[in-house]
Number of protein chains: 2
Amino acid sequence: MRTRRIDPVNCSVARSLAVVGERWSLLIVREALDGARRFGEFHARLGIAKNLLTTRLDSLVAAGVLRRVPYQEPGSRQRFAYELTEQGEALRPTLVALLEWGDKYLPTPEGPSVIVRHRPADDEAACDEPVRVVLQCAAGHTHLHPEDICRTPGPGARFVDAP
Amino acid sequence: MRTRRIDPVNCSVARSLAVVGERWSLLIVREALDGARRFGEFHARLGIAKNLLTTRLDSLVAAGVLRRVPYQEPGSRQRFAYELTEQGEALRPTLVALLEWGDKYLPTPEGPSVIVRHRPADDEAACDEPVRVVLQCAAGHTHLHPEDICRTPGPGARFVDAP
DNA sequence: CGGCTGAGTTGACAACTTGAACTCAGCATC
DNA sequence: GATGCTGAGTTCAAGTTGTCAACTCAGCCG
């Protein structure tokens, strides 16, 4: 019997990337996390082509990352805004991880342009410290080294012959 | 004076995505984290077109994510393998974040196919617990809610007029 | 009515992706 | 020493996706 591996196509990373792995999707989510809600805001902030923005917003809505909500400004007709669902909010760790990686390995001479801070809405407990993303195991161990981590098959694993 | 925002184009997320935001880049890194090293392994595991794989591997090497190392199997001529640099290893939290997100929001009926575990090489301290990605501030606070997090300008921030 | 605005749509063109066929260097075999 | 095999690519046509500019469309405002 040949060596077998976990099938790499049957993987949540691949499924996630099918949803948010396109050129602009994560940048749209980033802007949404930063408060953008309206078509024109995304367009102006990102410089994305409008027709692409239309299709990206539609596909993110279809995937459940964004929600389309009507709004009406006084003196204007009803329009639609796009706001993050819980599922969209849940992409924050991914974006913080990418932010950290870029800060460390693709730095600009001036230093990072954005720092994510722990700043609760009720300022009483405001600690204001920078936020980082860390790998932590269920037993509470943190600062895991690469060699201390391994991928194991889960209940849904399928296997393929190793090449 | 108009409201001003942090310039979204001058951002580490955008610079990171320029390197690893293309269709296959993160999947190549995922396979590398799982031990793939050779052209044929990446090709067979991912099913990516060979010419694209060539350009992706080259650009990941140019970006410092992978390193091109010669190897020679007995009875074969010298060839090249691609292995992760420290910079490439540092993408692990990003991939774990995407894995978790996919497991939670894009599940398959059978359950997750991969579980990342804390399993040190020297099994003595093996705890084997699943590994998760968590946001943690420098003061040690964890379990941060969306509303407890904000983006603040860093030293390299540039500003643009709000749209 | 005629112009203004935000939110799109359309269409021509450019860039990227795919898949299949081809090359190429060295080893092994005849 | 010709032939074929293998892994690692390269080339090319066809299809898909992204870009930019121009256009539409609905309602408000004067």
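Everything numeric in this text was worked out from a predicted model, so none of it was measured. Proteins come first, then strands; the chains are lettered A, B, ... in the order of their sequence lines, and each starts at number 1.
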Hey, is the side chain of [X] poking within less than 4.0 Å of OP1 or OP2 on [N], counting only N and O atoms?
| X | N | value |
| --- | --- | --- |
| A:Tyr71 | C:dA7 | yes |
| A:Arg68 | C:dG8 | yes |
| B:Tyr82 | D:dA8 | no |
| A:Arg77 | C:dT5 | no |
| B:Arg23 | C:dT18 | yes |
| A:Arg79 | D:dA26 | no |
| B:Trp24 | C:dC16 | no |

I'd like to know if the side chain of B:Ser16 reaches the main chain of A:Leu98, judged simply by a donor and an acceptor atom lying under 3.5 Å from each other, with no hydrogens or angles considered.
yes
Could you tell me the separation between the [atom1] atom of [X] and the [atom2] atom of [N], rounded to a whole number of Å?
| X | N | atom1 | atom2 | value |
| --- | --- | --- | --- | --- |
| B:Glu41 | D:dG9 | CD | C1' | 16 Å |
| A:Glu73 | C:dC4 | CD | C1' | 15 Å |
| A:Arg45 | C:dG6 | CZ | C1' | 16 Å |
| A:His43 | D:dC20 | NE2 | P | 10 Å |
| B:Phe39 | C:dC24 | CZ | C1' | 14 Å |
| A:Leu52 | C:dA7 | CG | C1' | 16 Å |
| A:Phe80 | C:dT9 | CZ | P | 12 Å |
| B:Ile48 | C:dC16 | CD1 | C1' | 12 Å |

Roughly how far apart are [X] [atom1] and [Y] [atom2], rounded to 0.5 Å?
| X | Y | atom1 | atom2 | value |
| --- | --- | --- | --- | --- |
| B:Glu31 | B:Leu26 | CD | CG | 12.0 Å |
| B:Ser59 | B:Leu57 | OG | CG | 8.0 Å |
| B:Glu129 | B:His118 | CD | NE2 | 10.0 Å |

Taking only the side-chain heavy atoms of B:Arg38 (C-beta and beyond), determine which of D:dA8, C:dG8, D:dT17 contains the nearest atom.
D:dA8
Closest listed nucleotide, where the reference is the side chain of B:Ala49 and the choices are C:dT18, C:dC27, C:dT9
C:dT18
If you take atom types as modelled and just measure distance, does the side chain of A:Asn51 reach the base of C:dG8 with a donor-acceptor pair under 3.5 Å?
no
Near B:Arg132 CZ, under 6.0 Å, is it more than 12 heavy atoms from other residues, nucleotides or ligands?
no
Between A:Lys50 and A:Gln78, who's closer to the 5' end of DNA chain D by nearest nucleotide?
A:Lys50
Would you kindly compare A:Ser76 and A:Glu22 by the position of their nearest DNA chain D nucleotide and give the one closer to the 5′ end?
A:Glu22
